[in-house]
Amino acid sequence: MIAKNEEKNLPRCIESVRDIVDEIIIVDTGSTDDTVKIAECYGAKVFCYQWNDNFSDAKNFAFLQATGDWILTMDADEEINSSDREKICSLLDNDAIDIYLFHTLSYVGSSPGVDTASNLNIRLIRNHKGYQYTGAIHEQICNCNQEMIDRGKVKIEEITVYHYGYLDVVATEKNKPNRNMKILEILLEAQPRDNFHLFNMGSEYLRLRKYEKALEYYKKAYEDFMPGLAHSPKLLFKLITTLDALQMYEEEMRILNEGLTYYPQFVDLEYLKACLFHKQKKYTLAIKGFKKCLTMESAPLQLRNINEVEGYRSYYALGEIHSELEDYEEAYHYYVETIKSKPSFYMPLHRIAENLMKSGRKIQDTKITLEKFFGKKLNAGAFAKLGEIFFSIGKYDIAFDYFLKACEQMKPNQNIYYNLGMSQFYLKHYQEAYHWFEKVEEGKCYEEAAYKMILCEILSNHTENADRLIQTASNFEYKKKNKIYEAFRNLAADLPYPVVSDNKEESQQYVNIIFMILNDLIKTAAPEIFEKSLQLLNLIDSDEVLLKLAKLYYRHGYYRLAYQEFIRSINIFNRIDKEGLEMMRNSIDLARGGKGCNRYKKVKESGEYVRNN
């Protein structure tokens, strides 16, 4: 492998292969952390290489160091599936094959879990046969004389490699898109019509969620679409997902239908087509589409992007459709099928709980129904998950009881302490919540627990302790959050507080912090305290605050207030989006049977809490 600053990932990668390889070659391209030291501890042969913005050059240098008959190539942020390791050695005796491709499963989002993306990557290459990489980025294998490789010598194997490099935190830390785009810009300057480079540049913009730019490059690549190219199915898939993100549904449907003429076995496209029908509320067509996915065989690995669309994903989508149609019995059936197909996927249980409550089921019956999914003997993990489920549907007292049972069976657990605190917080038991938050002493919940303690003390009128906690929180790395909590403490006590930011760009960094607080307070604070908290919107300069406030009201069932704020957002800032328009339309009907303005009837409607008014 080639590596740079991979001290966090390297041990996991090497541990996954050390028992099946004879030597470990690591080419370091300029690490400033303990990458080299860790590699040497594993007995690796480490070589230094001056990085020149060319992945092929670095990998070919690594190849030159390998003495074995076969080369296994990995990235440091990957690991071989433990149950597949032994399969690799048996491949080496096949004299007819020189190159093997394995299935790469890339985790996406905030943490490894259900959300994954699939790729095929070259992993095993016969050494001393003149094979080498070409291309500065997204490098390809060729012969040393640049001839096309004999496809008969290439084979795909169902061996899984897990990839952690697309997780949000990793991509942010390593700034991969900017590095890759710099290289691609140079390549496209020399070859502006190169289909593969255009596709890869589009993918970098897609990763940055710059959908218009991604579409620009994907369209250029699609102009010369050749179904036989290895990356062409991926191009189709990403073009379609980009059109979907831009809500260009008519063009998306056209490309979907074209794609299925090229690749009839491409189950992902059938699934995306059904999803599009679902978004358009064409329920009959959507149901037909998802059911078709369930009858199809798994697509060949080269046509896989979303995993298990012919299984649990389609079952779950059918459950969601029937939930929307308020056919809770049919929805229950499909959610159960989802769980059978993917026991580690817990969202169906959340939806089952929600539907049971909507259909008027007693809370005790709901508990019994859900507990049955965990078997006869409930353990700490089951209690914790049940706590999360009931918390998600707003049954905080039930959630607290489950979290407490989990806590009693576990060693000290920071996440459970935090969940116990949040349950009590939303029950408005501020001092009980404070007690649990205080137990969180480390981990990812630590800082959030500290801020929740501040809210507990402000809502309990314990001003002096709130000030002490705010002072402690000033040591946290993200100072802007502390500034907003300090402002709320003053506003709650009817004390003045200066404008936080007059700069529109800087104000954007405060918007999410403010709405995280408002989301908590709308659930748990007295109306007069929530009214005071709205003054936080006066302390920044942002034209999206009324739209976000309208959506906040809508999501919490205050439909009349939501409608009023949507109107004000349009009138004052000329701001509305498609989601807002949909909510605005729904607000009129929902207000007749919803909570309306009853709880927050004191909230000012004069616009005093919008500074720019």
With a 6.0 Å cut-off on the ring centroids, do Tyr316 and Tyr335 count as close?
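Judged by ring-centre distance (under 6.0 Å), Tyr316 and Tyr335 do meet the cut-off.
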Run the ring-centre check on His231 versus Phe196 and record whether the distance is less than 6.0 Å.
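Yes: the rings meet the under 6.0 Å criterion.
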Is the backbone of [Y] close enough, under 3.5 Å, to the side chain of [X] for a donor and an acceptor to pair up by distance?
X: Thr369; Y: Asp365; answer: yes
X: Ser569; Y: Ile576; answer: no
X: Thr524; Y: Asp520; answer: no
X: Arg85; Y: Val17; answer: no
X: Ser232; Y: Gly228; answer: no
X: Ser314; Y: Glu310; answer: no
X: Asp75; Y: Asp77; answer: no
X: Tyr418; Y: Glu448; answer: no
X: Glu565; Y: Ala550; answer: no
X: Asp268; Y: Ile306; answer: yes

If you measure from the Lys or Arg side-chain nitrogens to the Asp or Glu carboxylate oxygens, is any gap between [X] and [Y] under 4.0 Å?
X: Arg555; Y: Glu579; result: yes
X: Lys377; Y: Glu371; result: no
X: Lys358; Y: Glu354; result: yes
X: Glu157; Y: Lys87; result: no
X: Lys219; Y: Glu251; result: yes
X: Glu216; Y: Lys220; result: yes
X: Asp577; Y: Lys551; result: yes

Mind telling me whether Tyr396 and Phe391 have parallel, tilted or perpendicular rings, with 30° and 60° as the class edges?
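Rings of Phe391 and Tyr396: perpendicular, over 60°.
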Classify the ring geometry between Phe400 and Trp436 as parallel (under 30°), tilted (30 to 60°) or perpendicular (over 60°).
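Rings of Phe400 and Trp436: perpendicular, over 60°.
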Taking the six-membered ring of [Y] as reference, does the cationic atom of [X] (NZ for Lys, CZ for Arg) lie under 6.0 Å from its centre and within 45° of its axis?
X: Lys155; Y: Tyr100; value: no
X: Lys367; Y: Tyr402; value: yes
X: Lys385; Y: Phe374; value: no
X: Lys523; Y: Tyr426; value: yes
X: Arg585; Y: Phe566; value: no
X: Lys548; Y: Phe515; value: yes

Quick one: does [X]'s side chain get under 4.5 Å of [Y]'s, heavy atoms only?
X: Cys445; Y: Gln414; value: no
X: Ile255; Y: Tyr218; value: no
X: Gln564; Y: Leu561; value: yes
X: Ile287; Y: Thr284; value: no

Apply side-chain hydrogen bond (donor to acceptor under 3.5 Å, both in side chains) to the pair Glu324 and His278, showing each step before the final yes or no.
CA-CA 10 Å; Glu324 289 175 34; His278 187 184; 2.8 Å; yes
Over all heavy atoms of both residues, which pair between Pro227 and Tyr263 is shortest? Give the atoms and the distance, please.
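The answer is O-OH, 2.9 Å.
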Between Gly202 and Ala214, which heavy-atom pair has the shortest distance, and what is it?
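Reported closest heavy-atom pair: O-CB, 3.4 Å.
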Atom [atom1] of [X] and atom [atom2] of [Y]: how far apart are they, to the nearest 0.5 Å?
X: Ser298; Y: Arg304; atom1: OG; atom2: CZ; answer: 5.0 Å
X: Leu386; Y: Phe373; atom1: CG; atom2: CZ; answer: 11.0 Å
X: Phe199; Y: His138; atom1: CZ; atom2: NE2; answer: 8.0 Å

Stepwise, does the side-chain hydrogen bond (donor to acceptor under 3.5 Å, both in side chains) test hold for Gln247 with Glu252?
CA-CA 8 Å; Gln247 299 181 337; Glu252 180 185 352; over 6 Å; no
Does a donor on one side chain and an acceptor on the other come within less than 3.5 Å for [X] and [Y]?
X: Asn355; Y: Ser323; result: yes
X: Glu308; Y: Tyr271; result: no
X: Tyr312; Y: Glu337; result: no

Please test Thr104 against Glu78 for side-chain hydrogen bond (donor to acceptor under 3.5 Å, both in side chains), starting from the C-alpha separation and ending with a verdict.
CA-CA 9 Å; Thr104 303; Glu78 297 175 328; 4.9 Å; no
So if I apply the salt bridge (charged side-chain N to carboxylate O under 4.0 Å, His left out) rule between Glu270 and each of Lys288, Lys291, Lys292, which one comes out positive?
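So, applying the salt bridge (charged side-chain N to carboxylate O under 4.0 Å, His left out) to Glu270 and each of Lys288, Lys291, Lys292, only Lys292 qualifies.
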